[in-house]
Amino acid sequence: MKNKELAHMFNRIADALEFHGENVFRVIAYRKAARVLDELSEDVVVLHKKNELESLPGIGRAIKEKIIEYLTTGKMKKYEEVTRELPGDLLDMLDIQNLGPKTLALAHKTLGVVSIEDLKKVINDGRLAKLPQMGEKKVENIKKGIELYERSRERLSIALAEKTANDVIKYLKQDKRVKAVSPAGSLRRWQETIGDIDILVTGSKGQDIIKYFTRYPGTDRVLAAGATKGSIIVANDVQVDVRIVPAASFGAALQYFTGSRAHNIHLRNIAKAKGMKLSEYGVFRGTRQVAGKTEQGVYKILSLPLIPPELREDRGEIDAARMNRLPRIVEPGDIKGDLQMHSTYSDGADEIEDLARAARKLRYHYILITDHSRSARYAHGLDLKRLKKQWREIETINKRLKRFRILKGIEVDILGDGSLDFPDRILNQCDIVLASIHQGFKNRVTERMCTAMDNPYVDIIAHPTGRLISQREGYVVDLWKVMAKAAETGTWLELNAFPDRLDLNDVNCKAAKDMGIKISIGTDAHSTEGLSWMKFGIATARRGWLEPQNIVNTYSVEKLLKLRKRRQ
DNA sequence: GCCGTTTTCGGCCCGACTGTTTTCAGTCG
């Protein structure tokens, strides 16, 4: 995808400019362009053809020309120029905590440092500490930064972060001095991975609350324990930060610490244009605080409705809010069923009836049982005989269950040549068919998916990218082509709610929405507990601006079945 | 390098923190 390639190049240019000590605002401009391209819900190639590159925020004449240069020649002179004399991994070292561009450049120019090994050497022999503006403590901090970098603490999955935060919050609430508690940061925005967990607290005697916090039973290490901020490490190297803020600033602090940074910068500009100042302490006109107690109040004084945290990425939500055109994003109560799960018939742990009863407790109206097809041997995939047995069982249970319907589904494998693991006459007897790739991740995936979508019985393409977050890249696939085919054939694309998958991701979901593609959210549960993953799917859908009408499992079972491709 | 309901030039978010200095540079969020 050219979007990602260009984003990477512009980020690299920004790194290099920073390293060379260029004007910081040029650096910011390149970073902004990189972010916009990275999160773009359209193919940059298409935008270029429509001559609309310059309509993108942060992309002006110079960067537009660089994009076109790259798209037409496959090269970018500026990129090559600024990175020419810099060894490949030197710029990677900017990710080391406490080591910024100034220090790295100085170490490179005066001491010839080009790698982490070099850096360690000049730390150990004392040469780094002798540079101007450097001293023992700074060097010590850089040393700690290297240790952290080398342990390369991966970002947490949203599921682990959510669980950890909930445990800590529950513990904090047991203290009488604690008045209000809220998660903040990327966790509150439900980003798919989380760095540190941020929690905000108001209450009396901040110092005592922090002391109480650092005695949390799961604490491995205490990093800091001041009057307003405490920081601990719990199991799995997870860092939890707690901040105490005065009640009068709680809303402003919550807004500020929820971010994203890009969203905050945009808001501050609006405050400034209105003659106000926005900070984590409140909204001020001169020295007088005019808002900040509640988050809603902060937005209101900027003439904006409250923007849901999931949308706060500066991807157009502020303009939408200003024009009163925020989407009515999906809520848990809109979901009427779960469209992917596995029973004991293939690789699931629970019986069909158990899944149904658990789903009914979640107030669903239906579920789709999607066990694997025969080629998925590793998952005990169903052959025809067992599939038919499953259908009979579903019919029997359906007669027993009131106001609930188990739909007959299948997760049918897309084979090496794009054909499906079951013939059409079998698929035709399923209520809903999911098709997915489970083998040959690098083998003509785009064509195989497109062939599968030409089949009138394929309703949904499951986990369309095949990625496993922080574990596996996913298929070699041209998602733009897949989405175009889905739009053309009326095939639904899945948002897999399993927290290690979450594909389509937020940006893809928004793109799909814009292309008129319907999304199906399925948990891919392999047990009754797995049904609770729906919240991660909903959160990702919200981040992708999806409204109930964009998501097929907000429909009644009648509408759902009526909208299948084979009926059109 | 981008951008304009004050501006086509002159701004660009801004405060906290730390460590190095003796008034400020660098890093971070």
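Bear in mind that the values here come from a model prediction, so they are computed numbers and not experimental data. Reminder, nothing fancy here: chain letters follow the sequence lines and each chain counts from 1.
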Contacts of A:Tyr212 meeting ring pair (Phe, Tyr, Trp, His ring centres under 6.0 Å) (sequence neighbours excluded), chain-then-number -> A:Tyr171

What nucleic acid atoms does A:Phe257 come within less than 4.0 Å of, heavy atoms only: base, sugar-phosphate, or nothing? nothing

For B:dT8, the Watson-Crick or wobble counterpart (both distances under 3.5 Å): none

Could you give the distance separating B:dT23 and B:dC28 at their P atoms, to the nearest angstrom? 26 Å

Nearest-Å distance once atom C1' is located in both B:dG29 and B:dC13: 12 Å

Under a 4.0 Å heavy-atom cutoff, the residues of residues 57-72 of chain A touching DNA chain B are A:Pro57, A:Gly58, A:Ile59, A:Gly60, A:Arg61, A:Ala62, A:Ile63, A:Lys66

Go through DNA chain B in 5' to 3' direction and return only the first and the last nucleotide with some atom under 4.0 Å of chain A's heavy atoms. B:dG1 to B:dG29

If you pin A:Phe25 and A:Thr228 to their nearest nucleotides in DNA chain B, which one's is more 5'? A:Phe25

Under a 3.5 Å cutoff, is there a donor and acceptor pairing between the side chains of A:Glu5 and A:Tyr70? yes

Both A:Asn98 and A:Lys272 contact DNA chain B. Taking the nearest nucleotide for each, which residue is further toward the 5' end? A:Lys272

For B:dA25 and B:dT20, measure between their C1' atoms and round to the nearest Å. 8 Å

DNA chain B contacts among residues 306-322 of chain A, heavy-atom distance under 4.0 Å: none

Kindly state which residues belonging to residues 119-146 of chain A come within less than 4.0 angstrom of DNA chain B, counting heavy atoms of the residue only, listed by number. A:Gln133, A:Met134, A:Gly135, A:Glu136, A:Lys137, A:Lys138, A:Asn141

Sorted by chain and number, sequence neighbours left out, side-chain contact (heavy atoms from CB on, under 4.5 Å) with A:Lys144 holds for A:Asn141

With no hydrogens and no angle check, just 3.5 Å: does a side-chain donor-acceptor pair link A:Asp503 and A:His463? no

Who pairs with A:Val27 by side-chain contact (heavy atoms from CB on, under 4.5 Å), at least two apart in sequence or on another chain? A:Ala14, A:Leu17, A:Glu18, A:Arg31

Sorted by chain and residue number, the salt bridge (Lys or Arg N to Asp or Glu O under 4.0 Å) partners of A:Arg189 (sequence neighbours excluded) come out as A:Glu313

Work out how far the C1' atom of B:dA16 is from that of B:dG10, and round it to whole angstrom. 28 Å

The criterion is side-chain contact (heavy atoms from CB on, under 4.5 Å); which residues satisfy it with A:Thr73, sequence neighbours excluded? A:Glu69, A:Lys75

What's the gap between B:dT5 and B:dG1 when it is taken at their P atoms, as a whole Å value? 23 Å

Expected output: side-chain A:Asn3 to main-chain A:Val44 donor-acceptor under 3.5 Å: yes

Between the main-chain N or O of A:Gly466 and the side-chain N or O of A:Arg472, is there a donor-acceptor pair closer than 3.5 Å? yes

Base, sugar-phosphate alone, or nothing: which one does A:Tyr281 contact when heavy atoms must sit under 4.0 Å apart? sugar-phosphate

The side-chain contact (heavy atoms from CB on, under 4.5 Å) partners of A:Tyr256 (sequence neighbours excluded) come to A:Asn264, A:Arg268, A:Glu280

Taking ring pair (Phe, Tyr, Trp, His ring centres under 6.0 Å) as the test, write out the residues that go with A:Trp545, two or more places apart. none

Given the P atoms of B:dT21 and B:dG26, what is the spacing between them in whole Å? 12 Å

Among residues at least two apart in sequence or on other chains, which ones pass ring pair (Phe, Tyr, Trp, His ring centres under 6.0 Å) with A:Phe498? A:Trp533

A:Ile158 and A:Gln191 have their tightest heavy-atom pair at CD1-O, 3.4 Å

Do the side chain of A:Arg467 and the main chain of A:Arg501 share a donor and acceptor less than 3.5 angstrom apart? yes

Distance between the C1' atoms of B:dC9 and B:dC14, in whole angstroms? 23 Å

Which part of the nucleic acid does A:Thr103 contact within heavy-atom distance under 4.0 Å: base, sugar-phosphate only, or nothing? sugar-phosphate

Under a 3.5 Å threshold, yes or no: a donor from one side chain and an acceptor from the other, between A:Asp241 and A:Gln239? yes

Using a 4.0 Å heavy-atom cut-off, does A:Ile96 contact any base of the nucleic acid, only the sugar-phosphate backbone, or nothing at all? sugar-phosphate

Could you tell me how far B:dT7 sits from B:dC2 if I compare only their C1' atoms? Round to whole Å. 14 Å

